[in-house]
Every structure is written in structure tokens, then in C-alpha cells.
Student: 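Take this structure first; my questions come after.
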Amino acid sequence: MTDTLRTPPPTAAAQHRRPFTLDPGRWEAERSRALRTGHVRDSTCTAGCEPVLVHERTRWGWLAWTVPGDGTPPEQPHQIGVLTPAASRMQRLSLRWLTRRPAQRIALGPTIPGSLRFSAAAVALISLVASLFALTHGVPAGVVLPASVLAPLLAEHLPGRLDARAREHVRSVEAVGACRYLQRLAALHTSLVQAAAGSDRHELRRAAEIGQHLLWDAAGLLQTQDTRSAFAELIARERLMVQLADQVAQTLKRTHTEDGPAATGQPHTRERPLGPYPPGFEQTARPTPHHTHGTSPLKGHHSMTQPEPDHAVRTAGVYLLFAHEPYYLGPGTQEINTTLVTAASLLHPRVRQPDGAQIHDRLTQGRQPGEIIPLALLTHELNGGADWPTVGDWEGVTADLLQLAREGECDALSLGLPEIPRALICTGPHSHVRTYDAVADQFIAYGPTERAAVLAEVDMFLAPLVAEQAFWPGDSLLPPLTRQP
């Protein structure tokens, strides 16, 4: 699998190099307010002072900028916060709470240390007036006095408690190196979010979701490690983000190209699933369509039992992907260790029955056309494999399918996957594969993101084959199981 690192789109590179890139007027307004009310960052700013921060809220978190005294926009944020992926409405409100303007405080005097929130002082004054009014109207002092004392205490201490609660859903960094790294990553992710905003394309929405997870993970690493110790993991995440941004740019370009022919009545090409490529994978998979008596089944016509219309809709373009013991097509050829067949091949009479039909029924439930379903996903859905005995003998069925494919009795995509990609499709959707890098003396984890990349690469090999003609599942297929309405 080719791991090509392209240059990110130009629009992504310009994001967040300066505060409020898309709204320069907002920065001027915030800068004017900071000059009036806060301490700007200039030569008089000591290590102990706290310069005013201007928060730029985004869909994924925020960037906090200081205000230089010379009037130039800052080039690097003072702080970056990342909101948890799949945040709820309440969690997004917590982001707004954390990025509110700082509370004004009143010094208690030269002899009394500390200060008091302006809001707490205002509440204390209001509660005092309200207490006097209540006492003159006969309200018991046992009710009035505790309330008058509790109100300013809440005004002083409750915001701090709310801050601590809100920070549970946010990861923020302030170190110079950490902010510089997250600034680059955030610029790429913002391009993904902008592309997905208002779009109904699954590729774009999924890319934005993966980008948010990458940003969240990177912020977590930088909270506990410095950029030097976490260098390898940070670079891996940045490479994935660059690849996501590039794929999104290619998708947008392809969409723009497809929209042109649409206006003249030309058909669109079928959408392909999008997924980032895992770092360090090399291309070793090669599609090897099988032939029957020298003629590719993809190019020939085959009579076969036609399924019912509802069955055809349910199984159109659904494929089963399974790993098996490696074999070779001939001397000096590449190892074949993974095979993909269309779901209808499970109904072939040479496949163990009724096991094949029952697995076919399970495989095609609730799927979308074009889906590639690894056998491991069925195992995950069947209670981790505990319910396989109620469905069928998957080992016997896949052995029969492999025999059909090798004899050319059905169309198949034969692949020689590298060790890690093959291991990933043999695991569940939420599992991880860990490897040990002896040179770097560290473990590397591959998970759902890399697994999606493997499936996307397999789909890329499959696309040109099915574009010419649908996969041939074999002859004399058995009827599918009839599901009760």
C-alpha cells in the first residue's frame, strides 16, 4: 500500500498563522479592547505578569492569543485547547464557558492579601440591600442572614468549580513547542472541518471525525510529554492529518469535476469510501483476478439463478473479505493470503450449506452497496464469535470459497497483504495491533484508523474491476434465506 505524503492544500497552510484569519476585523476589535483593559505583551511584561488573552473559538476547540505591544499580530498562540471528540451540546457550552473574558477583580487593600471578584462584590451589595428589605418586612433573620452570606460566597467560588468541571472535556497546552506543533495540526484539521461543514458526503464527515481524534490524541500526548520524547508519535499523527487533508482536497476536486458532467446529463462515477493511510505501509498488495478456461469471468456472460428483486437490492455490491493460509499461483509469484468475493458466492452449491446461506443472510443485513465486510467484523457482531455456532461453520465455508476462487468458479480479488494490514482486518473494529520497534525501543499501536485505511486501499483495487462488470458469484446459486416480515 503506497504511503504517499503530499503537500497539504494551500488553504490549510494559511489557517491559524495569525489570529482570526477569516475575520481580521475581529482581531482589531479584540486588540483595541485589550489595550484599554488588560496588560499587553511588551518589554515591560515580566515573568509574573498575566497578559490579556484573546480567545479564538473554533469547531474543535480554541486558540488563545496574546496582544503584542507593537501592534503586530502574534504568530503563535499562547494556549491551544482541544474539545473532546463527539462532544455533546453541554460539552460545547463548557468550551464557551472556559473561553469567556476573565473576571474583573477588586484588591482588598494594601494590608489584606488577595482580591475579590467584582461580581462577588456586586452580589454582596445586592444581598445586603435585599436582606435589609426582607428584615423590615418580617422575614426571619434565620433565613435572611444565611442567604445573604451564601450568595457572595457562591459568586466567588462557584465559577472555579465550574471551570474544573468544564476542563474535564478539554485538553489544553501552553508550552511553546507544544503550541507550535498543535498550531500546524489545527490548521490541517480546520480545513477538514470546513470541507465537511454543510456537506452530506460521508468521506468528508468521516475525515473531520478522524481529524478531531488525531488532534485530541496529540493534545493528550503533549500534556504528559514534551515534543522531544513524543516525537515519533506526533510525527505519525501529523502524517495522517496531512494525508487526510490531501484526500479531502482530492475529493473536493473530484466532486467539482463530477458536477460539471451532471449539468449535461453525464453520469457520475460511484463514490468510494475514504480513509487515511497508516504510516510506514508499503505497497505489496496486487489484485489478481481469476480466470476460467483462459477467459476472465468479468468479461464473459454467465447464466446464473437470478435472485428475487428485494434480494438483489440487499446484496448488490456487498463483499466478504477473509484471510487464509498463504499460497502461490506459481514459482516466483507473490504470496496470496487474503481473498475478497461477492456476498452472493456464499450461495454457491459447492459451498457448505445451509451454513453459506445463513452466513450470507447475516452478512447482508443492514449493509450498504459497495461495503467490504471483513470476516472479523461478523465475528465481532456475533458476540465476539460466541454465536458463530448458531449461524454456521465459517471455517468450512471460507475454505470452500477459497477453493472456488482458486478454480475460477467465481470472481475473486486475491491479495498479498503485508503483515500488519492483514492482522488489522483479522481484528474487530475497535481492536489494536501492537508492534515493537527495536530501533526506537518503543511499541507502535495500529487501530481503527489504520484498519479503515486498509479497507480503503482494498476498495481502490476493487473499483476498476467492478466498474467494467459486476463480480460473477458463480453458476446455479441457491436461493437466499427468506426473512420473515
Side-chain angles (χ1 to χ4, degrees), residues 5-27 30 53-66 73-87 91-92 94-96 98-99 169-174 176-222 227 234-253 255-256 274-276 449:
L5 190 60
R6 298 187 179 93
T7 303
T11 53
Q15 294 287 351
H16 305 316
R17 281 188 175 178
R18 295 289 189 273
F20 301 99
T21 308
L22 302 179
D23 189 7
R26 173 74 181 279
W27 168 249
E30 293 289 347
L53 296 180
V54 176
H55 288 86
E56 179 182 355
R57 285 192 290 265
T58 67
R59 291 175 179 266
W60 49 263
W62 78 76
L63 300 98
W65 307 87
T66 55
E75 297 183 356
Q76 183 177 319
H78 177 78
Q79 181 191 78
I80 297 180
V82 180
L83 185 63
T84 180
Q91 291 168 344
R92 292 193 175 277
S94 69
L95 182 146
R96 299 188 67 87
L98 289 173
T99 55
H169 312 299
V170 173
R171 291 174 177 174
S172 61
V173 297
E174 292 187 359
V176 175
C179 283
R180 185 181 296 115
Y181 171 79
L182 272 190
Q183 184 181 15
R184 295 198 308 269
L185 211 61
L188 294 168
H189 178 55
T190 297
S191 69
L192 306 181
V193 173
Q194 290 175 347
S199 173
D200 58 354
R201 293 182 70 101
H202 172 74
E203 301 100 314
L204 302 182
R205 296 197 307 271
R206 181 57 181 159
E209 292 173 3
I210 295 172
Q212 182 71 27
H213 280 278
L214 291 174
L215 202 61
W216 173 259
D217 291 343
L221 284 172
L222 292 170
T227 52
L234 292 176
I235 288 299
R237 283 163 175 79
E238 188 169 3
R239 287 172 63 85
L240 282 174
M241 191 73 87
V242 169
Q243 290 164 349
L244 276 176
D246 179 74
Q247 289 186 44
V248 166
Q250 296 299 321
T251 300
L252 293 176
K253 182 178 179 180
T255 302
H256 179 73
L274 173 74
T449 300

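Remember, it's a predicted structure, so these values are computed and weren't measured experimentally. For this chain, numbers begin at 1 and follow the sequence in order.
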Student: Can you pull out every salt bridge (charged side-chain N to carboxylate O under 4.0 Å, His left out) where at least one residue sits in residues 188-198? Sequence neighbours excluded, please.
Tutor: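 Non-adjacent pairs meeting salt bridge (charged side-chain N to carboxylate O under 4.0 Å, His left out): zero.
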Student: Can you give me the closest heavy-atom contact between Ala207 and Val248, atom names plus distance?
Tutor: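 Answer, listing the atom of Ala207 first, then Val248: CB-CG2, 3.6 Å.
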Student: Return yes if some donor-acceptor pair links the side-chain N/O of Gln212 with the main-chain N/O of Leu83 below 3.5 Å, else return no.
Tutor: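 Yes: the side chain of Gln212 pairs with the backbone of Leu83.
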Student: Between Pro19 and Pro73, which heavy-atom pair has the shortest distance, and what is it?
Tutor: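 Shortest heavy-atom contact: CD-CB, 4.1 Å.
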Student: Under a 3.5 Å distance rule, please check whether Gln183 uses its side chain to pair with a backbone N or O of Glu75 as donor and acceptor.
Tutor: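 Checked: pair present.
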Student: Apply salt bridge (charged side-chain N to carboxylate O under 4.0 Å, His left out) to Arg59 and list each qualifying residue two or more places apart in sequence or on a separate chain.
Tutor: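 Result, salt bridge (charged side-chain N to carboxylate O under 4.0 Å, His left out) vs Arg59: none returned.
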Student: Taking side-chain hydrogen bond (donor to acceptor under 3.5 Å, both in side chains) as the test, write out the residues that go with Arg57, two or more places apart.
Tutor: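 By the side-chain hydrogen bond (donor to acceptor under 3.5 Å, both in side chains) rule, Arg57 matches Thr99.
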Student: Which atom names give the shortest non-hydrogen contact between Arg18 and Pro74, and what distance separates them?
Tutor: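 Of all heavy-atom pairs spanning Arg18 and Pro74, the closest is CD-O, 3.5 Å.
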Student: Who are the salt bridge (charged side-chain N to carboxylate O under 4.0 Å, His left out) partners of Glu174, not counting sequence neighbours?
Tutor: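 Here no residue qualifies.
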Student: Tell me, please, which residues at least two apart from Arg205 pass side-chain hydrogen bond (donor to acceptor under 3.5 Å, both in side chains).
Tutor: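 Partners of Arg205 by the side-chain hydrogen bond (donor to acceptor under 3.5 Å, both in side chains) criterion come out as none, since no residue qualifies.
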Student: To the nearest 0.5 Å, what is the distance between CG on Leu214 and OG1 on Thr449?
Tutor: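 Rounded to the nearest 0.5 Å, the CG-OG1 separation comes out at 6.0 Å.
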Student: Going by side-chain hydrogen bond (donor to acceptor under 3.5 Å, both in side chains), name the residues that satisfy it together with Trp27, two or more places apart in sequence or in a different chain.
Tutor: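 So Trp27 forms no side-chain hydrogen bond (donor to acceptor under 3.5 Å, both in side chains) with any residue.
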Student: Atom CD in Gln76, atom CH2 in Trp65: separation rounded to 0.5 Å?
Tutor: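 Spacing of CD (Gln76) from CH2 (Trp65) equals 8.5 Å.
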Student: Mind checking the NE2-NE2 spacing from His55 to His78? Nearest 0.5 Å is all I need.
Tutor: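 Nearest 0.5 Å value for the NE2-NE2 distance: 9.0 Å.
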Student: Whether the side chain of Glu56 engages the backbone of Leu63 through a donor-acceptor N/O pair (distance < 3.5 Å, no angle test) should be reported.
Tutor: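 Looks like no, no N/O pair under 3.5 Å.
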Student: Could you pull out all residues at least two apart from Arg180 that satisfy salt bridge (charged side-chain N to carboxylate O under 4.0 Å, His left out)?
Tutor: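 Salt bridge (charged side-chain N to carboxylate O under 4.0 Å, His left out) list for Arg180, sorted by chain: empty.
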Student: If you define the side chain from C-beta out and look only at heavy atoms, does anything of Leu192 sit under 4.5 Å from Ile210?
Tutor: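 No, their side chains stay 4.5 Å or more apart.
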Student: Between CZ of Arg206 and CG of Leu244, what distance do you get to the nearest 0.5 Å?
Tutor: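 So the CZ of Arg206 and the CG of Leu244 are separated by 9.5 Å.
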Student: Shortest non-hydrogen contact from Ala64 to Leu53?
Tutor: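 Closest approach of Ala64 to Leu53, heavy atoms only: CB-CD1, 4.2 Å.
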Student: Excluding sequence neighbours, so at least two apart, what forms side chain to side chain contact (heavy atoms under 4.5 Å, CB included) with Thr84?
Tutor: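 Scan of Thr84 (side chain to side chain contact (heavy atoms under 4.5 Å, CB included), adjacent residues dropped) gives Ala87, Gln91, His169, Trp216.
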Student: Identify the heavy atoms of Ala186 and Trp60 that sit nearest to each other, and give their distance.
Tutor: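 Smallest heavy-atom distance, with atoms named: CB-CZ2, 3.4 Å.
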Student: Not counting sequence neighbours, which residues clear side chain to side chain contact (heavy atoms under 4.5 Å, CB included) with Ala218? List them please.
Tutor: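 Scan of Ala218 (side chain to side chain contact (heavy atoms under 4.5 Å, CB included), adjacent residues dropped) gives Tyr181, Leu182, Leu185, Leu234, Arg237.
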